[in-house]
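In each ligand, atom 1 is the first atom listed, and ligand 1 is the first ligand listed. Computation of the quantities below employed the complete heavy-atom set of this structure, encompassing side-chain atoms and omitting hydrogens, waters and symmetry-equivalent molecules.
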Amino acid sequence: MIRDNYEQLSREIGDQAVLIAVTKYHSVEDALTAYDAGIRHFGESRIEGFLEKREALPEDAEVHFIGTLQSRKVKDVIDHLNYVHSLDRASVAKKIEQYSSHTVKCFIQVNISGETTKHGLPPEEVPGFLEDMRAYSRVRIIGLMTMAPHTEDEAEISEVFEQLGILRDSLRERNSGNIQVEELSMGMSNDYHIALRHGATYIRIGSKLMGSR
Ligand SMILES: *Cc1c(COP(=O)(O)O)cnc(C)c1O
């Protein structure tokens, strides 16, 4: 089933975006099945269970941390991560600088929808945050990430994804050194088709690919 889902999603995505298989609710066996089907990018949002999957997956699997990362946990996981999608606090960047032995590709999480339950920086704080990130050479900012609001309203979701693209465009003039704001991490099982229309370059798919838990 994972193989069929993957084939279908790959056809829809083409070469526009990187497909990240979100395995947070799935077992090591499921993650390995996804690997065997050809998937090389894996998304985890929980520290628990993640190291076990990382160890089981071959070297060329890339691991994306998509959940909230507490700064006191950074040192335990950072050497096993290739990407962090949820950067929104300088304290986390500081820990990455301190503990990582490699450069970590990071997305700044932006709270476009303004929902108070969402993590991420308000858009107006992103430029200042970006400048602060220049001090951390092991943090490489590659783009922005957002989560769509909890709604069935496609127009509202569209608006959020469109705004993330506009914000990215406005930040490009700051690109230099470790700041290279190019990528858009947006779209999940229910809204990835909308995200693709608005230029997503990384999409994070759990249930539609891995099956519901
Ligand atoms: C769980 C999760 C996903 C995937 O969710 P699905 O709806 O199962 O596709 C994507 N992004 C983040 C940040 C998540 O926590």
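At a 3.5 angstrom cut-off on N or O pairs, S207 counts as close to ligand 1. At under 3.5 Å, not a single nitrogen or oxygen of S45, backbone or side chain, sits near a nitrogen or oxygen of ligand 1. In terms of polar-atom proximity, defined here as any N/O pair under 3.5 Å, G206 does make such a contact with ligand 1.
How far CD1 of I157 is from CE of M186: 12.0 Å, rounded to the nearest 0.5 Å. Expressed to the nearest 0.5 Å, how far NE2 of H41 lies from CD1 of I203 amounts to 12.0 Å.
Residue E52 qualifies as open at atom CD: its count of foreign heavy atoms under 6.0 Å is 12 or below.
In terms of protein heavy-atom proximity, atom 1 (C) of ligand 1 is nearest to K24 NZ, 1.4 Å. At the top of the distance list for atom 6 (P) of ligand 1, counting protein heavy atoms only, stands S189 OG, 3.5 Å. Regarding atom 11 (N) of ligand 1, its nearest protein heavy-atom neighbour is R204 NE, 2.9 Å. In terms of protein heavy-atom proximity, atom 5 (O) of ligand 1 is closest to M188 CE, 3.5 Å.
Interface of M147 with ligand 1, defined as ligand atoms under 4.0 Å from a residue heavy atom, comprises 13 (C).
For the pair R197 and F161, the cation does not sit on the ring face, since its NZ or CZ is not both under 6.0 Å from the ring centre and inside 45° of the axis.
When the heavy-atom distances from atom 12 (C) of ligand 1 to I205, I66, T68 are ranked, the shortest goes to I66.
Taking the six-membered ring where tryptophan is involved, the planes of H80 and F50 are perpendicular, since the angle between them exceeds 60° and thus also 30°.
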